[in-house]
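Have a look at the structure below, then the notes.
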2 protein chains.
Amino acid sequence: MKTAACTVAKGRPREFDVDEALTAALRIFWTKGYEGASLTDLTEAMGITRPSLYAAFGNKESLFCKALELYEREKLCYIGRALEAPTARGVAEALLRGALERQRDTSDPRGCMGVINSVACGVEAESIREEVLKRGESAKRAIVARFERAKQEGDLPDHADPEGLTSYIIALIQGIALQGGAGTSCADLERLVQTSLSMWPAK
Amino acid sequence: MKTAACTVAKGRPREFDVDEALTAALRIFWTKGYEGASLTDLTEAMGITRPSLYAAFGNKESLFCKALELYEREKLCYIGRALEAPTARGVAEALLRGALERQRDTSDPRGCMGVINSVACGVEAESIREEVLKRGESAKRAIVARFERAKQEGDLPDHADPEGLTSYIIALIQGIALQGGAGTSCADLERLVQTSLSMWPAK
DNA sequence: CGGCTTATATACCGCTCGTTATGAAAACCG
DNA sequence: CGGTTTTCATAACGAGCGGTATATAAGCCG
């Protein structure tokens, strides 16, 4: 009994590519937020009808979760790579430059999908908010762990506060995304990053 | 002809206090955002009916603008005071501590009204977004001017970048508001501020 | 008291929202 | 070819949205 990846389709084959549709949906959620993205916006961008969307993705909420997963996998992968930098300063620099590059990419919307959807809106979006915050928490824990390791390795001074450093660097990343989404020019964002890096000790 | 403040009321006197109602409306916009706040939410919190709201405040959009004005006047006054600090570092410290105190105040909602409403939602809220961003811009210019003054006074080194420093400090403030709105404990936020201050040169 | 003005209360408007019922179309199997 | 299964297209559902028409109540002025 083969449960997964049945190669022979039984009924009428679907006429659209699921991954392409999900990518289109991501762009809508990214620019308009969960509540701001109506089903009309979504179906028009995805090029499919409402029943097709519900058959393929369940409902609006599960569609959002799948889009969020795609977003983290393709657009936030720089975070995981940044943690592999040899020094704490290298980690911070990679994080800041990664966030900056995200705002530089003109083929993608400005702002950050997570930041946009972490601010409270209607009551219906409460579960969405929690899902977004949950993922943010796990990313935060990973950075804390990396800074604690750096402290043990003598890469950070004994009086360093890994939690404080993490909140600090996340605040800067959030600020970059927020200001980028607000329309701040990339040149200005670059100066923000430059200033941040000049603050970090032990150049 | 006395245009303003006519002391004698002509018709039936209104049965609610306009300032109290506006304060209640502010809390709703603050916690739910412009689009997330329905007229039902607003009228229930304000203790008035829909026609009373429209007679006193115009419509939802102008009500929001009046609430935003009240918010800046009462909750963001720490920014203006911070700019009066004698040194650039004093300014930065007052800004960060002011933002932290805002998240500490348990009698007010967490997060920042401006941050919440600066992220894009539906198309109807586009003018709201622009209004919020406009006010943010003016605050930014004030901080830039203050840092430029500090540079002229020799309070900041010649190679300092007032624009970059401003974007940097605003990013931290935005991060504090965002993390505060996300439920981060005040203790953690305090460490964030502490870390930020430890980064600023020339203690 | 009557006339005038303004605030209140109830109910409703047209519209959009997310979701789904209905029926026809397209592939496979026997 | 008939039967089965899945997808597609149209249209509709109930609920909630921002905003308002209508009628009544409460004050002043003469």
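Chain A is the first sequence line, chain B the second, and so forth, proteins listed ahead of strands; every chain is numbered from 1. Any value given below was found using the heavy atoms of this structure, including those in side chains, with hydrogens, waters and symmetry copies removed. Just so we're clear, the structure is a prediction, and the values are computed from it rather than from any experiment.
Distance Glu35(B) CD to dC17(C) P: 11 Å, rounded to the nearest Å. For the pair Tyr54(A) OH and dT22(C) C1', the interatomic distance rounds to 17 Å; values are reported in whole Å. Rounded to an integer number of Å, the gap from Leu53(B) CG to dA9(C) P is 13 Å. Protein atom CG of Leu63(B) is 10 Å distant from nucleotide atom P of dG19(D), rounded to whole Å. Following rounding to the nearest Å, Arg14(A) (CZ) and dA9(D) (C1') show an atom-to-atom distance of 16 Å. Across the protein-nucleic acid pair, Leu42(A) atom CG and dT16(C) atom P stand 17 Å apart, rounded to whole Å. Protein atom CZ of Phe57(A) is 14 Å distant from nucleotide atom C1' of dT7(D), rounded to whole Å. In this structure, the CD atom of Glu124(B) is 20 Å from the P atom of dG14(C), given to the nearest Å.
Distances shown here put every side-chain N or O of Ser52(A) at or beyond 4.0 Å from the OP1 or OP2 atom of dA9(D).
A side-chain donor from one of Ser52(B) and Thr49(B) sits under 3.5 Å from a side-chain acceptor of the other. Side chain to side chain, Gln174(B) and Gln179(A) meet the donor-acceptor criterion of an N or O pair below 3.5 Å.
Of the candidate nucleotides dT6(C), dG18(C), dT20(D), dG18(C) has the atom nearest to the side chain of Lys60(A). Distance from the side chain of Ser38(A) is smallest for dG18(C) among the nucleotides dT10(D), dG18(C), dG18(D).
Under a cutoff of 6.0 Å and an axis angle of 45°, Lys66(B) and Phe57(B) do not form a cation-pi pair.
Between Leu165(A) atom CG and Phe147(A) atom CZ the span is 5.5 Å, to the nearest 0.5 Å. Between the OH atom of Tyr34(A) and the CZ atom of Phe64(A) there is a distance of 8.0 Å, given to the nearest 0.5 Å.
Comparing Gly11(B) and Gly11(A), the nucleotide of DNA chain D nearest to each residue sits closer to the 5' end for Gly11(A). Residue whose closest nucleotide on DNA chain D sits further toward the 5' end, between Leu39(B) and Pro13(B): Leu39(B).
With hydrogens and angles ignored, no donor-acceptor pair under 3.5 angstrom links the side chain of Arg12(B) to the base of dT6(C). For dT20(D), its base never sits under 3.5 Å from the side chain of Arg50(B) at any donor and acceptor pair.
Using a 4.0 Å heavy-atom distance criterion, Glu15(A) is classed as a sugar-phosphate-only contact.
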